[in-house]
Engineer: 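Supplied in structure tokens, the structure appears directly below.
Convention: sequence-line order gives letters A, B, ...; per-chain numbering from 1. Note that this is a predicted model, so its numbers are computed, not measured.
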Amino acid sequence: MSTSTIRTAQAEVDRPAARPGAAVTIRGAEKVFSLGRGRTLQALAEVDLEIAEGEFVAIIGPSGCGKSTVLRLAAGLDTPTNGAIEVFGDDPHRLAKQHRLGVAFQEHALLPWASVRANIALPFQVAGRRVDKARVDELIQLVGLVGFEDARPKQLSGGMRQRASIARALALSPDLLLLDEPFGALDAVTRRRMNAELARIWGEEKITTILVTHDVDEALILADRVVVMTGRPGRIRKIAKVDFPRPRGFETTRSPEFHDLVDELTALLDQVEGVDD
Amino acid sequence: MTRALSFLRGLVHLWPVVLVFVAWDAWVVLNGYTSTVAPRPFPVVTDVVIGFGEYLPYISYTLGVALVGLLGGTLVGFAAAVVVWSSAALAGVVTPAALIIRSVPITALIPIIARIVGYGDPAVLTSTVLICFFPAFVFTLSGLAAIPASGHDLFRVLGGNKLQVLARLGVLYAVPNLMVSVRITAPTAVLAAMLAEFLMGAHGLGALFSESRSYMDMERAWGVALVATTVSVFVFLGARALENRVVARVT
Amino acid sequence: MTAAARPGTAALFGIGGALLVVVAAQLVGQFQLAGRAWPPLTDVLAYVTTPAGSGLLLRNGLVTLTAAAQGLLLGVVVAVFGAALALVVPMLRPGFERFAAILNAFPTIALAPLLITTAGREDTPMVIAALSVGFVMFVTMTSGFANVPAAHSDVLTVLGSSRVQRLVRLELPRAVPSFFDGLTLSAPAAILGATIGEWFGAPKGLGLLLVSAMQNYQMPLLWSAALVATALSLAAYIVFVQFQRIAVRRFG
Ligand SMILES: Nc1ncnc2c1ncn2[C@@H]1O[C@H](COP(=O)(O)OP(=O)(O)OP(=O)(O)O)[C@@H](O)[C@H]1O
Ligand SMILES: [Mg+2]
């Protein structure tokens, strides 16, 4: 307990204080999981990350390096063992309580007994608001699930479930959007289409977004900055700024600069994985 | 020290039981019942503690019947299931019939057995054995049926016979199931023994209960209820502990 | 086992098995292999079809069925409410669980003295049925509430749900299959509980019929009452198994 307060205090001394415009501030976050029988696993070590309001940040890194853990900390689902997390200057779980958080989980987590429409309407109901039918329909159209409104999750393909899960995350136009490999189960064509849709929504609403992905292209198409993490315990290896002009269409993805950055980050990931083995 | 502490903490969680006693007392007092209608908890507990020697033969009889019934019924059920399992046709024919007979309520079974076997101790024991038989039979059979095809195939390519499948795989699949049946049946065995004793026995807690009721000895009747519950809870806990040990051993 | 695994064959074997039981029961009765207490099934059926016999069985069967149904309803409502309370107020849980384990081992016959003074002879069957059902339902509901997947729980957390919303939107629907599992176990327990209650001097009911037929050596009546009790128990079980299938399909 005392170590944690000391660390936090130190972090405040050593590191720049949160800027007023910061949406998410992670300072010296460490996460240790207990595996029972006294064994522990350190998932994160000293992660520092500041995300500005309206910014789109992508996190890439090898499997098991702690990307989902970072998202769970930001969502207030877990607390760091050491260090501090602030979301809009407050405890992360406060944002959820105010119904301003949207999360698309890695394993979709749709309620199996509810239809697609009911799943997307859930955030309205939990927030105690009237279900905005037009908004729900708009989202169903957006993620391309027209005709499947009344289907239940097990009648959908893996990729369709993920899309429903994204629609649910977007339902309340959240202030913070956390996406954990949301396009993982999609084919390349649908994936790029969904990328474009997400870019468009983000362009319109400027929702602060953290996207975890394994796809370097996807990260570069969508993000303002790309965070590269290294494996166990998870650390930030590099933060790359991406300032291609938006919207990033074919001209961008075919440009040599884009390819250079893809190569650089891919090489970094290779290296990182090499270290991990 | 820590064990004693955790034991004490365990006792705290028995508050609903304390609540039941308090409610019982309050109910008797508030209704102004005399002890021939409903006794208060304290005299009942006193009767059990002071007259424990008088309870003891009845307790040991019921406990004995329940345990013998449980053991006998389980063993016979297990054996019957193994025999039936050895033939696909036999299993197919017998299993649904066993499921139907299992649905006969104990309250319907006991009077019939009483008439067939004869009023008295043999009928008490037969009822208890029979009531433990069917769950053991059904659970063992479903455990044996759960042996995966790959297991059978393995023994076939190794040139083994059905007996070896039984000894090596059957134990693994059937015994945990059998232990579940023992745990589920244990309190039922006590209940069955008491019901049979109540109806026709000269011994056991059920008989003591029916006797004290007809003599309007309400303290004794309620004492029997208290003792029977305790016996039943201990039989259940014993069966559960046995299940945990056996399952840990087998799997 | 492989042969019986095919549904058609299994059904055929099942019917064969049932026929075998009937024929065996008839033969044992016919040749008095088990003494006079085991009448041929044809005698039992003959008794059931007499107007007096069928009237008696119907009246008493209805009484038992009503007591069992009322007990089932009461037990289910109280148990589901109790399990939900234990879920929402975690402090109560260890106590509730221990108490439920005691209730499980509780020989319901021990309740008779208490019930006859409180509930009266008429209501005792219903109350004992409710208690038998209550325990089973409490245990199945508690385990149903407990196995909510972490991922779904996380969804409700990030949406900022209240405790009650979590119960209504997640835990209750999630526990629906367990609820129907519990009902399939409860249905026979309710019939058994009701007949136990009737043993203790209820004015009507199958339990009373069974005891008095036994005491008066009315073998066809004893057997037909047992058949009716079994049929009720089995029918209730089969009905609830169908509900359970639907529930698993809808909520599983
Ligand atoms: N609840 C938990 N208990 C114990 N260990 C955990 C827990 N959650 C995560 N971990 C461990 O923490 C590490 C990081 O997990 P995390 O899920 O954040 O990885 P990830 O980067 O999202 O991986 P992937 O790309 O495969 O999704 C892993 O080694 C994992 O085993
Ligand atoms: Mg992950």
Engineer: Distance-only, no hydrogens or angles: does the R115(B) side chain make a donor-acceptor pair with backbone N or O of Y217(C) under 3.5 Å?
Structural biologist: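 Side chain of R115(B) to backbone of Y217(C), a donor-acceptor pair under 3.5 Å: no, none is there.
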Engineer: Specify which of G17(C), G95(C), S233(C), A231(C) makes the most heavy-atom pairs with chain B at under 4.5 Å.
Structural biologist: G95(C)
Engineer: Please give me the minimum heavy-atom distance between L234(C) and S103(B), naming the atom from each residue.
Structural biologist: CD1-OG, 2.9 Å
Engineer: Among L14(B), V17(B), L199(B), which has the most heavy-atom pairs under 4.5 Å with chain C?
Structural biologist: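 So the answer, after comparing L14(B), V17(B), L199(B), is L199(B).
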Engineer: Non-hydrogen atoms of chain C under 4.5 Å away: do they reach the side chain of F234(B), the backbone, both or neither?
Structural biologist: neither
Engineer: Could you look at L92(C) and say if it's the side chain, the backbone, both or neither that has a heavy atom under 4.5 Å from chain B?
Structural biologist: both
Engineer: In terms of heavy-atom proximity below 4.5 Å to chain B, should A229(C) be classed as side chain, backbone, both, or neither?
Structural biologist: both
Engineer: Quick check for you: among L237(B), V20(B), T107(B), V104(B), which has the greatest number of heavy-atom pairs under 4.5 Å with chain C?
Structural biologist: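 Of L237(B), V20(B), T107(B), V104(B), T107(B) has the most heavy-atom pairs under 4.5 Å with chain C.
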Engineer: Measure across V233(B) and A105(C) and return the closest heavy-atom pair with its distance rounded to 0.1 Å.
Structural biologist: CA-CB, 3.6 Å
Engineer: How about Y237(C): does its OH atom have over 12 heavy atoms from other parts shown lying under 6.0 Å from it?
Structural biologist: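 Counting other residues, nucleotides and ligands, OH of Y237(C) stays at 12 neighbours or fewer.
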Engineer: Which one wins on heavy-atom pair count under 4.5 Å against chain B: M214(C), R36(C), M219(C)?
Structural biologist: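 Heavy-atom pair counts peak at M214(C).
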Engineer: Shortest non-hydrogen contact from I106(B) to L192(C)?
Structural biologist: N-CD1, 3.7 Å
Engineer: Can you tell which part of W27(B) gets under 4.5 Å to a heavy atom of chain C, answering side chain, backbone, both or neither?
Structural biologist: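 Contact with chain C: side chain only.
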Engineer: Decide yes or no on side-chain contact (heavy atoms from CB on, under 4.5 Å) for L19(B) and F99(C), but give the supporting numbers first.
Structural biologist: CA-CA 11 Å; L19(B) 208 65; F99(C) 191 57; over 6 Å; no
Engineer: Between S210(B), S232(B), A38(B), which residue shows the highest count of heavy-atom pairs closer than 4.5 Å to chain C?
Structural biologist: S232(B)
Engineer: Could you report the tightest heavy-atom contact between I116(B) and W38(C), atom names first, then the distance?
Structural biologist: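 Shortest heavy-atom contact: CD1-CE3, 3.6 Å.
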Engineer: With a 4.5 angstrom heavy-atom cut-off, could you sort out which part of P188(C) is near chain B: side chain, backbone, both or neither?
Structural biologist: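 Looking at P188(C), nothing touches chain B.
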Engineer: Go through the atoms of A114(B) and report whether side chain, backbone, both or neither lie under 4.5 Å from a heavy atom of chain C.
Structural biologist: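 For A114(B), side-chain heavy atoms alone lie under 4.5 Å from chain C.
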Engineer: What closest approach, in Å, do P107(C) and T229(B) show between heavy atoms, and which atom pair accounts for it?
Structural biologist: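 The answer is CD-CA, 3.7 Å.
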Engineer: Measure the spacing between CG of L191(B) and CD1 of I109(C) and express it to the nearest 0.5 Å.
Structural biologist: 7.0 Å
Engineer: Heavy-atom pairs under 4.5 Å with chain C are the metric here; pick the option from L195(B), V227(B), V12(B), I110(B) that has the most.
Structural biologist: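 Sorted descending by pairs with chain C, the first entry is L195(B).
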Engineer: Search all heavy atoms of P16(B) against all heavy atoms of F96(C) and return the closest pair with its distance.
Structural biologist: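 P16(B) and F96(C) have their closest heavy atoms at CG-N, 4.4 Å.
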Engineer: Between L20(C), I102(C), V21(C), which has the largest tally of heavy atom pairs under 4.5 Å with chain B?
Structural biologist: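 The candidate making the most pairs under 4.5 Å is I102(C).
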Engineer: Take atom CD of Q242(C) as the centre, draw a 6.0 Å sphere, and report whether it contains more than 12 heavy atoms from other residues, nucleotides or ligands.
Structural biologist: yes
